[in-house]
Engineer: 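Structure in C-alpha cells, see below.
None of these values were measured; they are calculated from a predicted model.
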Amino acid sequence: MFDSIGWAEILILVVAGLFILGPERLPSAAAWLGRNVRKVREYATGARDQLRNEMGDDFEELRKPLQDLQQLRNFDPRRAVTRHLFDDVETSNGGTKPNGHTPPPTPTPTREDPKPPTDKPAFDPDAT
C-alpha cells in the first residue's frame, strides 16, 4: 500500500505531526489513523473476497490484464535495451541470428613474449 513512501518520508510526517498536533494529541491521532487504515484494508479485503465469490473463475481472468499492466509499470527501457544489445541471444538454429547472419568464430588470442628485462629502467631527467 505504501510502496512509494520511504522511511525518510515517514519520519518527516511524524516530525511534522509532532509540530502541528503537539506531543499531547499526537498519540491519539496516530491511533485514530491506524484504526482507519485497518478499516479500509478490511473493507478492501472484504470487497475483493465478495467479488471473487460472486465471479468465480472469471475473477482470475479479470486479474490477468491487471497483472500485465503491473509488469508494464515496472518496465525499464534502459534495462531492456541493455539486455537486448549485450546479452547473448540463445538461438536454436545453430548460432544463426534471425536475420540469417552467422557470426564469425572468435579467434584465440596469442600471447606475445614479453620484452627481456633491461639493466636500467628508462629515466627522463626532464620529467622530474
Side-chain angles (χ1 to χ4, degrees):
M1 182 175 172
F2 296 112
D3 292 335
S4 62
I5 298 177
W7 287 106
E9 288 90 358
I10 292 173
L11 181 65
I12 290 171
L13 290 174
V14 168
V15 170
L18 184 63
F19 281 119
I20 294 170
L21 297 175
E24 299 86 22
R25 291 186 291 178
L26 186 62
S28 62
W32 176 84
L33 181 66
R35 281 192 305 270
N36 286 328
V37 167
R38 190 176 310 119
K39 283 182 187 177
V40 168
R41 283 187 180 178
E42 288 174 2
Y43 291 148
T45 303
R48 184 179 61 228
D49 291 341
Q50 183 179 4
L51 190 62
R52 181 177 287 146
N53 289 338
E54 289 179 7
M55 291 186 70
D57 294 336
D58 295 335
F59 183 76
E60 293 303 322
E61 292 175 13
L62 179 67
R63 283 183 59 103
K64 177 139 179 50
L66 295 175
Q67 290 173 348
D68 293 342
L69 286 175
Q70 181 67 25
Q71 288 177 352
L72 283 177
R73 185 183 210 188
N74 295 334
F75 179 72
D76 182 14
R78 180 179 288 170
R79 184 175 24 194
V81 169
T82 303
R83 183 179 27 192
H84 180 71
L85 291 176
F86 298 116
D87 285 353
D88 291 336
V89 177
E90 295 295 327
T91 56
S92 60
N93 57 2
T96 304
K97 292 188 176 183
N99 63 359
H101 175 71
T102 304
T106 57
T108 57
T110 59
R111 186 170 184 190
E112 296 179 16
D113 292 332
K115 291 183 184 179
T118 59
D119 294 336
K120 291 184 176 181
F123 179 73
D124 186 6
D126 295 333
T128 56

Engineer: Kindly write out the residues that satisfy salt bridge (charged side-chain N to carboxylate O under 4.0 Å, His left out) with K64, not counting sequence neighbours, or none if the list is empty.
Structural biologist: D68
Engineer: For E54, check side chain to side chain donor-acceptor pair (under 3.5 Å) against everything at least two apart and list the hits.
Structural biologist: Q50
Engineer: Shared ILVMFWY cluster between L21 and L18, side chains joined below 4.5 angstrom?
Structural biologist: yes
